[in-house]
Amino acid sequence: MLAPAVVQRIRQLLAEGQLSQRMIARTTGVSRGTVATIALGRRPDYEAMRRQRQAEREQPDGPLQRCPTCGGQVIMPCRRCRLEEMIRAGRVPRLPRRPEEDLQLQLVGAHRERYERLHALRLAGQVEEESL
């Protein structure tokens, strides 16, 4: 990919009309085909496209709302729900969940007791993870 400054320099030299496309290619260090593409206007303006993508990322689509599906406060449409739908449809693989031991929980007191109780129920098949 060419630096925007190089593309601008090529356009400037083409507009001046003093040098051939071959000489412009030599002086700027790009191929003749690239100079010809710029001269014919067939090269996309990648810098403008980058600026547009950046502006779209900075502009939220709307105010924060509660997602009716997951309940999160998000800018609609909810990306989490969209990702879950893609996983259900098989278009995106679900990452494997890590066992509780890998989480390296540092629970103490009542929190530890509740964790142990729910963990035992889950192992016994009496409680599903989604209901927690």
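Glu113 has no carboxylate O lying under 4.0 Å from a charged side-chain N of Arg117, or vice versa, which leaves the two without a salt bridge. Salt-bridge annotation for Glu85 and Arg82: absent, with no side-chain N of the basic residue lying under 4.0 Å from a carboxylate O of the acidic one.
Clustering of Ile, Leu, Val, Met, Phe, Trp and Tyr side chains at separations under 4.5 Å places Ile10 together with Leu2, Val6, Val7, Leu13, Leu14, Leu19, Met23, Ile24, Val30, Val35, Ile38.
In this structure, Tyr115 OH and Arg122 CZ are separated by 7.0 Å, a value rounded to the nearest 0.5 Å. Considering CZ of Arg32 and CD of Gln21, their distance stands at 9.5 Å, rounded to 0.5 Å.
Side-chain atoms of Arg66 and Gln73, non-hydrogen and from C-beta on, do get closer than 4.5 Å to each other. No side-chain heavy atom of Arg80 sits under 4.5 Å from any side-chain heavy atom of Cys67.
Annotation for Arg42: atom CZ does not count as buried by contact number, only 12 or fewer foreign heavy atoms lying within 6.0 Å.
Taking every heavy atom of both residues into account, Arg43 and Arg11 meet most closely at O-NH2, 4.4 Å.
For Leu83, the side chain to side chain contact (heavy atoms under 4.5 Å, CB included) partners two or more places apart in sequence, or in a different chain, are Ile87, Val92.
Using modelled atom types, one finds no donor on one side chain facing an acceptor on the other under 3.5 Å when comparing Thr34 with Thr37.
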